[in-house]
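Below is one structure, written out as structure tokens; comments come after it.
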Amino acid sequence: MICYTDGSCQGNPGPGGFGVVVLDDNEKPITYYSERSKNTTNNREELKAILWAFLKYGEPAAAGQKPLTVYSDSAYCVNTLTNWMFSWEKRGWLKSDNQTPENLDLIIPFFKHLQNGNQIEIYKVKGHNNIIWNEVAD
């Protein structure tokens, strides 16, 4: 399963939302999903899109099964969910400057889903670069 995710808002913070395009392994669309928020940030909406896809479609990979693949145009999200959160968790959910990371209410459920054996691969794509499914998610 493949998901393209995107999130945004007008103003930062401001009204916004996220979108997810779900594809089969042959990149044929299965479904689309979106949600709105009255007062949010770009980073929150980007994280919410990935978290929605992971909670809906992430599962322990059986033998020979590929994990969920997610494409995001957010470097913040890709770095947070593939790298930074592991260091934060080891420090008691603190960054190297001893400050609490933003959006932990979204990051910790993602982390716990991983700890339960659910698998995901997250890749950064360049936004607004004619990658069709990223444009649709946008």
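Numbers here are sequence positions counted from 1.
In terms of heavy-atom proximity, Pro67 sits nearest to Glu121 at CG-OE2, 3.6 Å. Across all non-hydrogen atoms, the minimal contact from Pro13 to Asn39 is CB-OD1, 3.6 Å. When every heavy atom of Phe54 is checked against every heavy atom of Gln119, the shortest pair comes out as CE1-O, 3.6 Å. Taking each heavy atom of Ile2 and Asp24 in turn, the nearest pair found is CD1-O, 3.6 Å. The nearest pair of heavy atoms linking Pro109 to Leu104 is CD-O, 3.9 Å. Considering all non-hydrogen atoms of both residues, Cys77 and Glu46 come closest at SG-CB, 3.3 Å.
Note on Tyr76 and Leu51: same hydrophobic cluster, where clusters join Ile, Leu, Val, Met, Phe, Trp and Tyr whose side-chain heavy atoms are under 4.5 Å apart, directly or indirectly. In this structure, Val125 is not a member of the same hydrophobic cluster as Leu47, with clusters built from ILVMFWY side-chain heavy atoms closer than 4.5 Å. The cluster map of Ile, Leu, Val, Met, Phe, Trp and Tyr, joined by side-chain heavy atoms under 4.5 Å apart, puts Ile50 and Leu23 in different clusters.
Shown here is Arg36, whose CZ atom has no more than 12 heavy atoms of other residues, nucleotides or ligands within 6.0 Å. Counting heavy atoms of neighbouring residues, nucleotides and ligands inside a 6.0 Å radius, atom CD of Gln10 does not exceed 12 of them. The number of heavy-atom neighbours closer than 6.0 Å to CD of Glu102, taken from other residues, nucleotides and ligands shown, is 12 or below.
None of Tyr123, Tyr32, Tyr33, Tyr71 except one satisfies the ring pair (Phe, Tyr, Trp, His ring centres under 6.0 Å) rule with Tyr4; the exception is Tyr71.
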Q: Kindly determine whether Gln99 and Leu94 satisfy side-chain contact (heavy atoms from CB on, under 4.5 Å), including the steps that lead there.
A: CA-CA 5 Å; Gln99 298 297 309; Leu94 295 173; over 6 Å; no
Q: Under the side-chain contact (heavy atoms from CB on, under 4.5 Å) rule, what do Arg44 and Asp105 come out as? Steps first, then yes or no, please.
A: CA-CA 10 Å; Arg44 279 193 71 75; Asp105 61 315; 2.9 Å; yes
(Q) Between Met85 and Leu81, does the side-chain contact (heavy atoms from CB on, under 4.5 Å) criterion hold? Intermediate values first, please. (A) CA-CA 6 Å; Met85 72 174 181; Leu81 301 176; 4.2 Å; yes
Q: Could you please spell out the steps behind the side-chain contact (heavy atoms from CB on, under 4.5 Å) verdict for Ile120 and Phe110?
A: CA-CA 10 Å; Ile120 188 171; Phe110 182 94; 3.8 Å; yes
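At least one donor-acceptor pair under 3.5 Å links the side chain of Asn12 to the backbone N or O of Asn42. The backbone N or O of Asn79 sits nowhere less than 3.5 Å from a side-chain atom of Asn83 that would complete a donor-acceptor pair. No donor-acceptor distance shorter than 3.5 angstrom exists from the side chain of Glu35 to the backbone of Ala49, with no hydrogens or angles considered.
With contacts defined as side-chain heavy-atom distances shorter than 4.5 Å, the pair Met1/Ile30 qualifies.
Thr40 and Lys48 share no side-chain donor-acceptor pair at under 3.5 Å.
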